[in-house]
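See structure below.
Computed from a predicted model, the values in this text were never measured in an experiment.
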Amino acid sequence: MNASEENLPAGYVPPKVWSQKQTYGGVFGTSNRPVSGAIYEKALPVGEQPLQLYSQGTPNGQKITIMLEELLAAGHTGAEYDAWLIDIFEGDQFGSGFTAINPNSKIPALVDRSTEPATPVFESGSILVYLAEKFGAFLPTEHRARTEAFNWLMWQVGTAPFVGGGLGHFYAYAPFKIEYAIDRYAMEVKRQLHVLDTHLARHEFLAGDQYTIADIAVWPWQPGSLYGVYNTHEFLNVEEYRHLLRWYRAIAARPAVARGRIVNRTSGGASEFLRERHSAADLDALFR
């Protein structure tokens, strides 16, 4: 058997120049495109709060709603926000209003209307830093601790594609199972979990003894997404990482995390999702 016969599909050899031949199935099959930009005209809604968030309750979306709820819990009233649902399964991210504030067509995106002119911010890591610096919260000022927080924030940004677009996609969303792809990404995600578990054996939080934007960024992904959207926790034996789980459960117990993690979610039990949030009262009704 020659090398091309062992490929999938059998006989496949990459062309000299790639071009899209077909649209695959799966959850995101119709929304993946090789070009950027809007595909239809649609203005974004604007509420009354200083911050306008356009998002969905995915792991990346949860980072920002958790951060905003933490800021509010800490007394930063200027962090009041409207959270508008951008349904990525329906292609809302390709509307002209959304692509105007995020040309990358990915959630989340934020508009700070307390500045003149208003400030658009996109990419979840950038939004976390923006909010931390704006309110002087959840980002240490001491040089070493601040650097450590950025180390782990950037680590999360770099590792997320292996969890989501890698293992999550091929395990949960791809229209058929490919053993090579699932094994490849399972190995990498297990390595990531071991990195975290080893570090958290010696530290209360990722940046040391302070809860920071690094913890807020990592928590929804590793291992949050493995218990949640991708349902791979048993497959990866997440329970063996006891130091990671100690940290994960401690953060889950924070009231602001419980509130933020359900904002812009579209399904779940009666108190497990809130499609849109426009005031604290929207969440208060679920946590009585």
| Do S55 and I64 pass the side chain to side chain contact (heavy atoms under 4.5 Å, CB included) test, and can you show the C-alpha distance, the side-chain angles, and the key distance before you say yes or no? | CA-CA 9 Å; S55 188; I64 310 309; 5.9 Å; no
| query | What are the two closest heavy atoms between P34 and W18, and how far apart are they? | reply | CB-CZ3, 4.0 Å
| query | After noting the C-alpha distance and the side-chain angles of L167 and L236, does the key distance pass the side chain to side chain contact (heavy atoms under 4.5 Å, CB included) rule? | reply | CA-CA 10 Å; L167 179 64; L236 295 175; 3.6 Å; yes
| query | Sub-3.5 Å donor-acceptor pair from the side chain of D92 to the main-chain atoms of D87, do we have one? | reply | yes
| note | Of all heavy-atom pairs linking L44 and G97, the shortest is CD1-O, 3.4 Å
| note | On a heavy-atom basis, the closest approach of A118 and V111 is CB-CG1, 3.9 Å
| query | Under 3.5 Å, side chain of R254 to main-chain N/O of E70, donor-acceptor pair present? | reply | no
| query | How far does CH2 of W219 sit from NZ of K63, to the nearest 0.5 angstrom? | reply | 13.0 Å
| Nearest 0.5 Å, what's the CD1-OG distance between I101 and S96? | 11.0 Å
| query | Among all residues two or more places apart in sequence or in another chain, which pass the salt bridge (Lys or Arg N to Asp or Glu O under 4.0 Å) test with E239? | reply | R249
| query | Do the side chains of Q222 and L244 get nearer than 4.5 Å, heavy atoms only? | reply | no
| What pairs meet the salt bridge (charged side-chain N to carboxylate O under 4.0 Å, His left out) rule with one or both residues in residues 277-286, with sequence neighbours excluded? | E69-R277, E80-R277, R259-D284
| Which residue pairs pass the salt bridge (charged side-chain N to carboxylate O under 4.0 Å, His left out) test with at least one member in residues 102-113, sequence neighbours excluded? | D112-K134
| note | Smallest heavy-atom separation, Y248 atom then P223 atom, equals CD1-CD, 3.6 Å
| query | Honestly curious: do L85 and V229 fall in one hydrophobic cluster under the side-chain, below-4.5 Å linking rule? | reply | no
| said: Testing the basics here: between G164 and Y230, what is the closest heavy-atom pair and its distance to 0.1 Å? | reply: CA-OH, 3.3 Å
| Residues in salt bridge (Lys or Arg N to Asp or Glu O under 4.0 Å) contact with E272, at least two apart in sequence or another chain | none
| said: Would you say L193 ends up clustered with I182 if hydrophobic residues are merged whenever their side chains have heavy atoms under 4.5 Å apart, either directly or through other cluster members? | reply: yes
| task | Mind jotting down which residue pairs meet the ring pair (Phe, Tyr, Trp, His ring centres under 6.0 Å) criterion with at least one end in residues 110-133? Sequence neighbours excluded, please. | result | none
| Side chain proximity check, P120 to N102, heavy atoms < 4.5 angstrom | no
| query | Can you tell me if T198 uses its side chain to pair, donor with acceptor, with the backbone of V195 under 3.5 Å? | reply | no
| Main-chain N/O of A145 paired to E142 side chain as donor or acceptor, under 3.5 Å | yes
| message | According to a hydrophobic-cluster definition based on side-chain heavy atoms being under 4.5 Å apart (Ile, Leu, Val, Met, Phe, Trp, Tyr only), do V157 and L131 belong together? | response | no
| remark: Sequence neighbours excluded, the answer for side-chain hydrogen bond (donor to acceptor under 3.5 Å, both in side chains) partners of E240 is K190
| query | Are the side chains of L196 and L206 in touch, meaning some heavy atoms are under 4.5 Å apart? | reply | yes
| query | Atom OG1 in T58, atom CD1 in I88: separation rounded to 0.5 Å? | reply | 5.5 Å
| message | Go through it in stages, so that I can follow the logic: the residues are L110 and L53, the test is side chain to side chain contact (heavy atoms under 4.5 Å, CB included), and I'd like the CA-CA distance, side-chain angles, deciding distance and then a yes or no. | response | CA-CA 5 Å; L110 178 79; L53 178 66; 4.2 Å; yes
| Are Y241 and M187 connected in the hydrophobic side-chain network, where two residues link if heavy atoms are under 4.5 Å apart? | no
| request: Can you run down the ring pair (Phe, Tyr, Trp, His ring centres under 6.0 Å) pairs that involve residues 256-288, sequence neighbours left out, and say none if there aren't any? | output: W84-H278
| query | Taking all non-hydrogen atoms of both residues, which atom of T99 and which atom of A38 are closest, and how far apart? | reply | OG1-CB, 3.5 Å
| remark: The side-chain hydrogen bond (donor to acceptor under 3.5 Å, both in side chains) partners of N264 (sequence neighbours excluded) come to none
| Below 4.5 Å, heavy atoms only, C-beta onward: do D215 and W247 meet side chain to side chain? | yes
| task | Please say whether more than 12 non-hydrogen atoms of neighbouring residues, nucleotides or ligands are located less than 6.0 Å from CD in E48. | result | no
| said: Between D82 and Y54, is the side chain to side chain contact (heavy atoms under 4.5 Å, CB included) condition met? List the steps. | reply: CA-CA 8 Å; D82 287 283; Y54 303 95; over 6 Å; no
| task | Taking the side chain as every heavy atom from C-beta outward, state whether L226 and T232 have any pair of such atoms under 4.5 Å apart. | result | yes
| Would a 4.5 Å heavy-atom cut-off, applied to side chains only, mark Q156 and W152 as touching? | no
| query | Are the aromatic rings of Y171 and F235 close, with centres under 6.0 Å apart? | reply | yes
| query | How many angstroms lie between CZ in R265 and CG in L274, if you round to the nearest 0.5 Å? | reply | 11.0 Å
| Who passes ring pair (Phe, Tyr, Trp, His ring centres under 6.0 Å) against F162, sequence neighbours left out? | none
| message | Is there a side-chain contact between V263 and Y81 in this structure, where contact means two heavy atoms from C-beta onward sitting under 4.5 Å apart? | response | yes
| query | Short question: side chain of R242, backbone of A201 - any donor-acceptor pair under 3.5 Å? | reply | no
| query | If you round to the nearest 0.5 Å, how far is OG of S124 from CE of M67? | reply | 12.0 Å
| field | Polar contact flag, side-chain donor to acceptor under 3.5 angstrom, S105-Q93 | value | no
| task | Give a yes or no on whether F150 and W155 share a hydrophobic cluster (residues Ile, Leu, Val, Met, Phe, Trp, Tyr; joining criterion: side-chain heavy atoms under 4.5 Å apart). | result | yes
| What residues form a ring pair (Phe, Tyr, Trp, His ring centres under 6.0 Å) with F205, not counting sequence neighbours? | Y211
| Distance (rounded to the nearest 0.5 Å) between Q56 CD and T65 OG1 | 11.5 Å
| ring pair (Phe, Tyr, Trp, His ring centres under 6.0 Å) against H203, all qualifying residues, sequence neighbours excluded | H199
| request: If a pair satisfies side-chain hydrogen bond (donor to acceptor under 3.5 Å, both in side chains) and one of its residues is in residues 174-189, list it, with sequence neighbours excluded. | output: E188-R191, E188-Q192
